Amino acid sequence: MSIWEYANPKKFMETSGRALPWFTGLALVTLLAGLFWGFFLTPDDYRQGSTVKIVYLHVPAAMMAINAWIMMLVASVIWLVRRHHVSALAARAAAPVGITMTLIALFTGAIWGQPMWGTWWAWDPRLTSFLILFLFYLGYTALWEAIEDPDTAADLTSVLCLVGSVFALLSRYAVNFWNQGLHQGASLSVAPGERMHMTYKLPLYVSMTGFALLFVTLVLVRTRTEIRARRIKALLARERMG
Amino acid sequence: MTALLLRDLRLAVRAGGGFGLGLAFFLIMVVLVPLGVGPEGELLARIAPGILWVGALLACLLSLDRIFALDHEDGSLDLLATAPIPLEGAVTMKAMAHWMTTGLPLVLAAPVLGLLLNLPGGGYVWLVASLALGTPALSVIGTFGAALTVGLRRGGLLLSLLVLPLYVPTLIFGAEVVRRGAEGLSVTTPLLLLAGITLGSIALLPFASAAAIRINLR
């Protein structure tokens, strides 16, 4: 019994079908709990007022935007090395979810930045690198859409994902060099410094868990859809043959 | 491999189109910017490094789809892939030919265009140096993009969407070198980082490009 057994589409469909309701339920519960707790049960910040509460959408979305790309990278490597189709399809399924998360992070950031920094957008390193990440996502999905043969598309997008990851990382540090920003440092890091209080931190953790579960749910659903779409295509092809 | 390089250069010069086109685009771009933002010398001097680098980058982008498209159409790419020289080497030569026909002319023309944009005196040396160091990276990265899209019929637009994000670090460090040079600051750090990106790209990306071509020719 190894983890690679789940690379068999049939096995994957069975297991994911059983796990999906659990993930959906847990995602809903944690997401609602985290957001409700964060929005209504935490006190207003003494300097930022209630605008601080957008953090419960902004930070988890930003976290998942990056993690979705990392997941795509891992799935791409697995596809390139072991040629499991489920892996390639999972990478494909994760991209639109990642794009959405990136957009949520950018938009909530803009909404928060307007009253706080007095501007919707600033060419700050973090903001800029998120915009660049968005462009990488766009290129990746566009390449998937452009190529007809599914295996060629999977191969080429995987190579792009590998190369893109290196350049995305380079860009992240290049923009740091290019401009010192407005964005505050990491609020949750373990390094010493100014930190969030527990009252704010706990609902944030719940909300982050909720977003992570939501991501898993969406990727599972989308991967299952991709597998079914591929099965339909195979059936149609077989019908035409015989 | 030398024969391949010479063949590509000869094709670029004699078959027309690719050789002067990038340069002409660069010139037009530099002429259009002052028309758009106004003729104040001070403003132009401030944005000159960025404009020159963005112009070079777009001019480079213009000729990328020609790197493999023609060879793919007439089948010589298949021959190259099965030739005794490694495909990685062939890809590197292709990138080098692209650089010699687009990047190198840009480097040589850049000081004249810098003059048009009122670039401060200290910037010229660093403009040439940063373009000479950075444009090879643009060609190598672009070759990778061209390799990814070689099988597509209308790959041109997709190619720019794929390649432009990859150009970000090169652009940032390249323009930073010129900006610091123009202001008389030390340029060592961005120059070294730019050189690092170029050398790293030349060393590693041909493997990715060759892999992409092999997939596309399957």
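Residue numbers begin at 1 in each chain, while the letters A, B, ... track the order of the sequences. Please read these numbers as outputs of a predicted model, since none were measured by experiment.
- For residues 149-161 of chain A, heavy-atom neighbours of chain B at less than 4.5 Å comprise Asp151(A), Thr152(A), Asp155(A), Leu156(A), Val159(A), Leu160(A), sorted by residue number.
- The contact between Leu166(B) and chain A is made by backbone and side chain atoms together, counting heavy-atom distances below 4.5 Å.
- Proximity to chain B (any heavy atom under 4.5 Å) is shown, for Glu145(A), by neither the backbone nor the side chain.
- More than 12 heavy atoms of other residues, nucleotides or ligands lie within 6.0 Å of CG in Leu70(B), so this atom counts as buried by the packing criterion.
- Counting heavy-atom pairs closer than 4.5 Å to chain B, the top-ranked of the candidates Gly164(A), Ala168(A), Ala142(A) is Ala142(A).
- Heavy atoms of Ile141(B) lying under 4.5 Å from chain A belong exclusively to its side chain.
- Interface remark: Arg214(B) contributes no atoms to any contact with chain A (heavy atom separation under 4.5 Å).
- Within a 6.0 Å radius of CZ in Arg238(A), other residues, nucleotides and ligands contribute 12 heavy atoms or fewer.
- For Trp126(B), the CH2 atom is loosely surrounded, since the number of other residues' heavy atoms within 6.0 Å does not exceed 12.
- Interface remark: Leu205(B) contributes side-chain atoms only to the contact with chain A (heavy atom separation under 4.5 Å).
- Among all heavy-atom pairs drawn from Pro165(B) and Ser171(A), the shortest one is O-OG, 4.4 Å.
- More than 12 heavy atoms of other shown residues, nucleotides or ligands fall within 6.0 angstrom of atom CE in Met93(B).
- In this structure, chain A has no heavy atom under 4.5 Å from any part of Tyr167(B).
- Only one option out of Leu148(B), Thr149(B), Leu152(B), Leu158(B) pairs with Ile147(A) in a side chain to side chain contact (heavy atoms under 4.5 Å, CB included); it is Leu152(B).
- In terms of heavy-atom pairs under 4.5 Å with chain A, the best-connected choice from Pro190(B), Ala147(B), Ala175(B), Gly145(B) is Pro190(B).
- Atom OG1 of Thr170(B) and atom CZ of Phe167(A) lie 6.5 Å apart (nearest 0.5 Å).
- In this structure, Leu162(B) CG and Leu135(A) CG are separated by 11.5 Å, a value rounded to the nearest 0.5 Å.
- When the shell of 6.0 Å around OH of Tyr124(B) is examined, it contains more than 12 heavy atoms from other residues, nucleotides or ligands.
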